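Keep in mind it's a predicted model, so treat the numbers as computed, not measured. Every chain is numbered from 1, with letters handed out A, B, ... down the list of sequences.
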Amino acid sequence: MYAALGPPASAIRAFQEIPVPSRFTPEWTALISCHTRHALPSRAILFFRSMLRAGTSPDEVALIALLSASARLSDNCSGDAAHLLFLKLGLPFTAASCNAAMDMYVKCGRMDEARRLFEEMKDPTIVSWTIILTGVLQWEGLRSGSEMFDLMPYRNDIAWTVMISACIEVGLPRDALALLGEMLFDDVSMRSLNHVSMCSLLSACSQAGDLTVGRWLHNHFIKATTFHNNENYLLKVNTALIDMYGKCGRVDNALTLFERMPHRSIVSWNAMLSGLSMQGMGLQVLQLFSRMVTEGKQQPDDITIVSVLSACSRSGLVEQGRKFFQQLIPIHKITPKMEHFACMVDLLGRAGCLEEAESLIREMPFQPNEVVLGSLLASCAIHRKLELGRKLMKEMVQLYPNNTEYHVLLSNMFTVSRRHAEADDLRQLMKNRGIQKTPGMSSIEINGIVHWFTAGDKTHPQTREIYTMLSEMVQRLNLAGYTIDAACQNSRVPDNYLENGDEREEREQALLVHSERLALALGLISTKPGVPLRIVKNLRICSDCHSAMKLCASIFEREIIIRDRNRFHRFKAGLCSCSDFW
DNA sequence: CAGGCAAGGT
């Protein structure tokens, strides 16, 4: 059918040219499938409804398209409706339609329905198995997933990728690596990972900060390049590698790869820029940006602008950032969007130019969203501008009553300004509303095994040794002149803050067992002297731990590298690579 | 009809 050939716009045009009496099932089906294929599930569902309203009866293909559209949207209702229609029309439950229905139920989180369909199938295909495997992994955990994986009569590359990604997601890169090895040795036909697998595996490594698996993949990629020397594959995988090395703190490796690339897309440039930015290499970001425009002849996009501005912010390059922002329209022909204003507000706010940041917000051509306001509020907390902070808070509570993060910020702000009554009020409010903070977690990799810690964690098998090390740390920190009180002055959001009760002592105690300190302690007792320690944290490091880490780096003569939610901190000899710019 | 997408901020 001709409508299936073109993009949705021309499909609609073609469809409208068909006289109404001649619009039969195949015409409608082509229109619906076209929208599902082009990732426009909502429109596909709308067209399906129009088809029914027009009195045309759907066929199997149309129903599969509807199921797949519902799956994309996790839309239970239309999914169920499609399933019922199937039964009502007496259509045959082929593997394809059954799989589509199972996929829909899996994505809607209704594993009971999905399983029932699966068990009723006479001949489940590899696709059926993979759908169920994905669902079990997502909703029932890794253990049940592995059992399912073992039951599979055979596996293809997609099934392997699903299983491996699941391992990396829960922080078991060792298991992921083992599975990768198993897959590559078991089946010669899978000697080379396809680019989908490569990119998703590398992205998992970036997120987990998992350099071990990332390097392994790079190695494999080098060996496999002979099989896959097409340009698209190289471009995408190289870019994913640059991202991985950048996010795993090996910006030099990223640069080497970047310089060697024969062709670079805008995404490659952006990945490299953000890699440098995360290390606080703001000047290099500005240099690379001008190379991108001149030598690379690349027109920067929205994300490029965000990267450059946030790099200026992270490195405290206020003047350069201001200039860059002013040049957006005249030189780069880019009209700043909300997120660019947000970066600029962040940049000015952190640098202490709060009035300028506020007037920038008021001059914006749109209503400020919570990111922009929240960013300014965070700066108020750093610079302890209580009045402005309170004003912003009022505004935010009205606009976005359900946003919780900022309550915590303001409450901490009151605490550090010794306005405990107000802080307590706010904390009570949070308790009443059941507002909870994301728990802080840190991980450290030792000999290829990733250890996770929450604040005050006592579940690690080496807990006793870890806590012994922690008290040694405290003693030696005190000897070095470290006091919690001083560090607390500009405290950000400490872990576990809400659970701490009101006692100051308890608060101080809680700071001492922040997850990153537990990870550090384990690192110190499990590795040889002088070995650098790399920690990944899901939230931002608090200022108290930041000061402690600087001292620990010199006391224990270690390089400590912490990747927090925002950037890298490289602690060495009493200093941090972020120059205390957060 | 299966896996995910290379980039930013909170």
Side-chain angles (χ1 to χ4, degrees), chain A residues 33 36 39 60-61 63-68 71 94-104 106-107 117 124-135 137-138 155-166 193-204 206 232-233 235-244 246-247 264-275 277-278 300-311 313-314 337-347 369-378 400 403-406 409 438 539-540 565-567:
Chain A
S33 310
T36 314
E60 191 194 346
V61 182
L63 277 162
I64 289 178
L66 180 66
L67 285 166
S68 140
T94 59
S97 52
C98 230
N99 290 344
M102 280 178 356
D103 185 41
M104 181 274 295
V106 162
K107 295 221 165 80
L117 280 168
T125 62
I126 179 77
V127 179
S128 326
W129 278 97
T130 312
I131 291 169
I132 287 293
L133 174 68
T134 312
L137 282 166
Q138 186 184 345
R155 297 135 189 159
N156 62 8
D157 53 340
I158 295 181
W160 279 102
T161 309
V162 170
M163 198 59 219
I164 292 167
S165 311
L193 291 164
N194 63 42
H195 84 277
V196 178
S197 309
M198 268 308 259
C199 287
S200 71
L201 286 167
L202 282 169
S203 148
S206 305
N232 182 42
Y233 181 85
L235 180 67
K236 287 195 170 184
V237 176
N238 268 317
T239 305
L241 279 167
I242 288 169
D243 176 55
M244 185 277 292
K247 292 219 172 89
R264 302 180 189 112
S265 68
I266 179 79
V267 185
S268 322
W269 286 95
N270 287 348
M272 194 62 243
L273 287 169
S274 85
S277 166
M278 281 186 85
D301 66 4
D302 290 342
I303 291 166
T304 318
I305 307 303
V306 173
S307 297
V308 175
L309 285 175
S310 69
S313 173
R314 285 166 173 162
K337 299 202 170 127
M338 182 79 85
E339 64 250 49
H340 304 131
F341 279 96
C343 291
M344 207 51 212
V345 168
D346 178 59
L347 167 66
N369 66 3
E370 51 195 318
V371 179
V372 179
L373 291 175
S375 162
L376 189 58
L377 184 59
Y400 313 98
N403 196 318
T404 59
E405 297 253 318
Y406 305 119
L409 260 182
T438 322
L539 303 176
R540 286 174 80 162
R565 178 179 161 148
N566 219 23
R567 60 171 300 156

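- Scanning for salt bridge (charged side-chain N to carboxylate O under 4.0 Å, His left out) contacts around Asp301(A) gives an empty result, with sequence neighbours left out.
- When the C1' atom of dC1(B) is taken as reference, atom CD of Glu60(A) falls 10 Å away, rounded to whole Å.
- Qualifying side chain to side chain contact (heavy atoms under 4.5 Å, CB included) partners for Ser274(A), counting only residues two or more places apart in sequence or in other chains: Ser307(A).
- Taking the side chain of Val371(A) as heavy atoms from C-beta on, and the options dT10(B), dA7(B), dA2(B), the nearest nucleotide is dT10(B).
- Under the rule for a side chain to side chain donor-acceptor pair (under 3.5 Å), the partners of Thr94(A) that lie at least two apart in sequence or sit in another chain are Glu60(A), Ser97(A).
- Qualifying side chain to side chain contact (heavy atoms under 4.5 Å, CB included) partners for Asn238(A), counting only residues two or more places apart in sequence or in other chains: Phe221(A), Leu234(A), Leu241(A), Leu257(A), Met261(A).
- Closest contact between the side chain of Arg540(A) and the listed nucleotides dC1(B), dA7(B), dT10(B) involves dT10(B).
- As a whole-Å value, the separation of Arg565(A) CZ from dG8(B) P is 13 Å.
- In this structure, Leu66(A) atom CG and dC1(B) atom C1' are separated by 14 Å, rounded to whole Å.
- Remark: Ser128(A) engages Asn99(A), Met102(A), Phe118(A), Met121(A), Pro124(A), Thr125(A) in a side chain to side chain contact (heavy atoms under 4.5 Å, CB included) (not counting sequence neighbours).
- A search for salt bridge (charged side-chain N to carboxylate O under 4.0 Å, His left out) contacts involving Lys236(A) returns nothing, not counting sequence neighbours.
- Among the atoms of the strands shown, only primed sugar atoms or phosphate atoms (P, OP1, OP2) are found under 4.0 Å from some heavy atom of Val162(A).
- Listed by chain and number, the residues in a side chain to side chain contact (heavy atoms under 4.5 Å, CB included) with Ser310(A) are Ser277(A), Arg314(A) (sequence neighbours excluded).
- With a 4.5 Å cut-off on side-chain heavy atoms, Thr130(A) and Val162(A) count as touching.
- Although no hydrogens or angles enter the test, the distance criterion places no donor-acceptor pair under 3.5 Å between the side chain of Asp243(A) and the main chain of Gly246(A).
- Nucleotide dA7(B) holds its C1' atom 15 Å from the CG atom of Leu202(A), rounded to whole Å.
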Check nucleotides 4-6 of chain B for protein N or O atoms closer than 3.5 Å to its own N or O atoms and list the pairs.
none

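- Residue-level contact check: Ser274(A) touches the backbone only, with heavy atoms under 4.0 Å from sugar-phosphate atoms and none from bases.
- Counting any heavy atom pair closer than 4.0 Å across all strands shown, Thr125(A) reaches no nucleic acid atom.
- Rounded to whole Å, atom P of dG8(B) lies 14 Å from atom CG of Asp302(A).
- What separates CD of Glu339(A) from P of dG9(B) is a distance of 11 Å, to the nearest Å.
- Counting non-hydrogen atoms under 4.0 angstrom, Asn238(A) reaches nothing in the nucleic acid.
- Not a single donor-acceptor pair, N or O on each side, falls under 3.5 Å between the base of dG9(B) and the side chain of Ser310(A).
- Helical stems of DNA chain B (runs of at least 3 Watson-Crick or G-U pairs, donor-acceptor distances under 3.5 Å) are absent.
- Scanning all heavy atoms of the two residues, the minimum distance from Ser197(A) to Thr161(A) falls at OG-OG1, 3.0 Å.
- For Asn566(A), a side-chain nitrogen or oxygen approaches OP1 or OP2 of dT10(B) to under 4.0 Å.
- In this structure, Ile303(A) places its CD1 atom 9 Å from P of dA7(B), rounding to the nearest Å.
- Between the CG atom of Leu133(A) and the C1' atom of dC1(B) there is a distance of 16 Å, given to the nearest Å.
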